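When a residue number appears, it is its place in the shown sequence, counting from 1. We count ligands from 1, going down the list as the structure has it; atoms in each ligand are counted the same way. Since the model is a prediction, treat every value here as computed from it, not as a measurement.
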Amino acid sequence: MKKPVYLDYAATTPVDPAVAEEMIKYLTPDGFYGNPASRSHGFGWQAEAAVEAARSQVANLIHADPREIVWTSGATESDNLAIKGAVAGRENAHVITSTIEHKAVVDTCKWLESRGIEVTWLEPASDGVVLPEQVFEALKPETVLVSLMLVNNELGCVTDIATIGAELRNRGVLFHVDAAQAAGKLPVDVTVMPVDLMSLSGHKVYGPKGVGALYVRRSPDVRIEAQIHGGGHERGMRSGTLPTHQIVGMGKAFAISQAGLADEIEQLESLRAGFLDGLKGLSGVTLNGSETSRVPGIINLSFEGVDAESLMLGLRHLAVSSGSACASATTEPSYVLRGIGLSDELAHRALRFSIGRFTTAEEMAFASAQIVDVVTRLRAVR
Ligand SMILES: *Cc1c(COP(=O)(O)O)cnc(C)c1O
């Protein structure tokens, strides 16, 4: 059977073949397999040099200093390290976040709440955007940290990080930004975005799964408490033997993304436009999330009179995602869609189509034709 069209790039991306080719050089007996922490021989030095080259590549994409990059196992760990590490040791701390953050932030903040830390949960407007004024109004003298995502993984909408960060810098409040869906999708520049901590992931940017990074600003100097101890790697912030091949892969992936960023954005905008154009003949289709403040690769649509589960069954030639997290017998509608004020009914009618580097115009034309066909059929038998 022909493979379905992959329209779930926001969940993960395939590894770019050029990245895989680079990674394999750091695994086998004929390659550079040394432990980057081994200081007494060339195997270690070579591995260390590769890790440091990758550190520069990741830093370059966000215009950071390589010394500000801490390797982790992914954005989930980066979020945990940033939030727990920033709040650690502070008794009467107050934290601000939003209801539509990734689970890695939501669950970490809930854990803080269970430990007696006060958390304010901001509710975004119906377009999914958290406004700077909302953040400023929630600030208290005890606020130590604000954590907001740059690009939402279900809606693709973009937060005004620069405006929020500037005010937080004035107030001396730490600012953590989850940029897992933003790096390689829009320009990210920490020299103009006053962010203190930023989470990055390898596998959302055509790198391997299981590797990520946390940007930790050096000026002004940001201090976080380590969450994993043992050996003092990464300047004491994150111990554990560095996975050279994963790190090299993430570095290469970020370098490729940086070189092709403008072209890739243009390509995705064009694919998105063609896809939406192909759905024009279909009535009762609404775009969830902001139409203007967004990245092109994520398209979240609700289809009137059709529930997402039936639609997905009908769209078996497309690999897409519904926002719903299936919990045993009942399917809970996505907390992100409910977080922007969608009724359960509307949230149950939403599907996320996410596209990327290897998506073709033919695939998009096929996808929109399939959707028109299946939605029309489902509506007819209602
Ligand atoms: C995927 C994702 C994460 C988790 O990243 P992992 O590297 O898979 O742990 C965190 N935040 C956002 C916004 C994501 O899209």
Side-chain angles (χ1 to χ4, degrees), residues 6-15 19 54 58 61-62 69-85 97-111 124 128-130 146-159 161 175-186 188 193 195 197-215 227-228 238 240 242-243 246-247 249-251 253-254 257 289-290 293-300 320-323 325 334-337 339-340 352-356:
Y6 188 73
L7 298 175
D8 209 6
Y9 277 79
T12 194
T13 61
V15 170
V19 169
V58 168
L61 182 71
I62 61 167
I69 300 298
V70 174
W71 298 116
T72 66
S73 63
T76 299
E77 186 190 330
S78 301
D79 289 344
N80 273 264
L81 174 57
I83 296 170
K84 292 174 184 168
T97 186
S98 93
T99 54
I100 63 162
E101 297 304 305
H102 189 272
K103 282 284 183 191
V105 168
V106 169
D107 288 350
T108 303
C109 288
K110 281 186 182 163
W111 180 83
V129 177
V130 173
V146 174
S147 177
L148 293 171
M149 65 210 313
L150 181 42
V151 173
N152 182 277
N153 49 300
E154 281 193 37
L155 301 166
C157 51
V158 179
T159 314
I161 292 306
F175 191 19
H176 166 245
V177 170
D178 180 337
Q181 291 289 350
K185 317 285 169 65
L186 81 180
V188 179
M193 292 175 168
V195 165
L197 299 155
M198 183 180 275
S199 300
L200 301 166
S201 176
H203 75 99
K204 304 289 172 68
V205 199
Y206 313 96
K209 298 165 184 62
V211 65
L214 180 66
Y215 160 80
Q227 302 300 305
I228 294 177
R238 203 282 194 177
L242 294 174
Q246 302 284 81
I247 287 170
M250 182 164 168
F254 273 51
S257 280
S290 175
S293 185
R294 50 125 184 103
V295 291
I298 297 179
I299 309 159
N300 193 310
V320 301
S321 151
S322 78
S334 144
Y335 69 94
V336 171
L337 295 176
I340 61 168
R352 177 186 70 184
F353 304 89
S354 50
I355 56 178

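Atoms of ligand 1 found under 4.0 Å from any heavy atom of Ala75 (numbered from 1 in listed order, with element): 3 (C), 4 (C), 5 (O), 6 (P), 7 (O), 9 (O), 10 (C). Near Gln181, with a cut-off below 4.0 Å to any heavy atom, the atoms of ligand 1 are 13 (C), 15 (O). For ligand 1 and Gly74, the ligand atoms under 4.0 Å from any heavy atom of the residue are 7 (O), 9 (O). Which parts of ligand 1 touch Asp178 is read off a 4.0 Å heavy-atom cut-off, strictly below it: atoms 10 (C), 11 (N), 12 (C), 13 (C).
With contacts defined as side-chain heavy-atom distances shorter than 4.5 Å, the pair Ile62/Met198 qualifies. Residues His176 and Asp79 form a side-chain contact, since some pair of their non-hydrogen atoms from C-beta on lies under 4.5 Å apart. Looking at heavy atoms from C-beta onward, Arg238 lies in side-chain contact with Glu77 at the 4.5 angstrom threshold. When side chains are defined from C-beta on, Leu337 counts as touching Asn300, because their heavy atoms get closer than 4.5 Å. Side-chain contact between Ile298 and Leu155 is absent, with no heavy-atom pair separated by less than 4.5 Å.
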Begin with the C-alpha distance, continue with both residues' side-chain angles, and end with the deciding distance and a verdict on side chain to side chain donor-acceptor pair (under 3.5 Å) for Ser147 and Glu101. CA-CA 9 Å; Ser147 177; Glu101 297 304 305; 5.0 Å; no
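Closest to atom 8 (O) of ligand 1 among all protein heavy atoms lies His203 NE2, 2.7 Å. Of the protein's non-hydrogen atoms, the one nearest atom 7 (O) of ligand 1 is Ser201 OG, 2.7 Å. Nearest protein heavy-atom neighbour of atom 4 (C) of ligand 1: Thr76 OG1, 3.4 Å.
The closest heavy-atom contact to atom 15 (O) of ligand 1, among the options Met149, Lys204, His102, comes from Lys204.
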